[in-house]
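What follows is a short report on a single structure.
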Amino acid sequence: MCDGYSGYNKVPDAKRIACWAHIRRYLIDVVPKGTQPDYTQPSVQGIMCVNHLFELEDKIQQKHAVDYETIRKARPEKEKPVVDGFLLWVEQQKPARGFRMDKAVTYIRSREPYLFTYLEDERCSLSNNLSENAIRPFVVGRKGWLFSDTPA
């Protein structure tokens, strides 16, 4: 699972998974800062759909945390229709070129082949937030550690 870095396409025998948290972040970036959500805005509609997917996944995980067989059966039944609906919604979007919504839609469309992968393997996650949180101390610290490779 990754954020879309194309270098990962060169990894042999690896199956790519799109991170739904990144999909949501692109849609959140479209909503003007400091404004109330306008539910007629396409970006807010997309965010609501992705949030619904996260809610369904949370319910499945809370109920069947380590029962992979049940997760494997529950995801396609509960979540696949939401993913299908989301992709249908994306297909209908015709944002003006050069705007943030265009960037979000382009990002989502480029990851479409990888949006279903988590449904195929019950051990996979909907997002890579846990991984990102685990490496955050290193990422935040590396700039400060830039010159820490010598005693001087």
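We count residues from 1, following the sequence as given.
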Lys15 meets the side chain to side chain donor-acceptor pair (under 3.5 Å) criterion, sequence neighbours left out, with Glu120

Minimum heavy-atom separation for Leu56 and Lys78, please, with both atom names.
CD1-O, 3.5 Å

Please find the pair of heavy atoms, one from Ser43 and one from Leu27, that lie closest to each other, and give the distance.
CB-O, 3.8 Å

Partners of Arg72 by side chain to side chain donor-acceptor pair (under 3.5 Å), sequence neighbours excluded?
Glu69

Using a 4.5 Å side-chain heavy-atom cut-off and chaining through intermediate ILVMFWY residues, the residues clustered with Ile71 come out as Ile60, Tyr68

Side-chain contact test, heavy atoms from C-beta onward, threshold under 4.5 Å: evaluate it for Arg24 versus Cys49 and give yes or no.
no

Proximity of Trp20 and Phe86 rings by center, below 6.0 Å
yes

Name all residues meeting the side-chain contact (heavy atoms from CB on, under 4.5 Å) criterion together with Ala21; count only those two or more places apart in sequence or in a different chain, and write none if there are none.
Cys19, Arg25, Phe54, Ser127, Asn129

Sorted by first residue and then second, give each salt bridge (charged side-chain N to carboxylate O under 4.0 Å, His left out) pair with at least one member in residues 36-65; sequence neighbours left out.
Glu57-Arg75

Between Ile17 and Cys124 the two heavy atoms that sit nearest each other are CD1-SG, 3.2 Å

Which residues satisfy the side-chain contact (heavy atoms from CB on, under 4.5 Å) test with Leu87, sequence neighbours excluded?
Val83, Glu112, Leu115, Phe116

Excluding sequence neighbours, so at least two apart, what forms side chain to side chain donor-acceptor pair (under 3.5 Å) with Glu122?
none

Taking only residues two or more places apart in sequence or in another chain, which ones pass ring-ring contact (aromatic ring centres under 6.0 Å, His included) with Tyr26?
Tyr107

Between Ile28 and Lys33 the two heavy atoms that sit nearest each other are O-NZ, 4.0 Å

I'd like to check Val82 versus Val50 (side-chain heavy atoms, cut-off strictly below 4.5 Å). Are they in contact?
no

Could you go through residues 99-106 and list every donor-acceptor pair under 3.5 Å that involves a side-chain atom there, pairing it with any protein atom two or more places apart or in another chain?
from   : atom 1 : to     : atom 2 : distance (Å)
Arg100 : NH1    : Asp29  : O      : 3.1
Asp102 : OD1    : Arg97  : NH1    : 3.3
Asp102 : OD2    : Gly98  : N      : 3.3
Thr106 : OG1    : Asp102 : O      : 2.8

Can you run down the salt bridge (charged side-chain N to carboxylate O under 4.0 Å, His left out) pairs that involve residues 81-93, sequence neighbours left out, and say none if there aren't any?
Lys80-Asp84

Got a sec, which residues hit side chain to side chain donor-acceptor pair (under 3.5 Å) with Ser110, two or more places apart in sequence or on another chain?
none

Under 4.5 Å side-chain heavy-atom separation, chaining through any Ile, Leu, Val, Met, Phe, Trp or Tyr, what else clusters with Leu88? Say none if it is isolated.
none

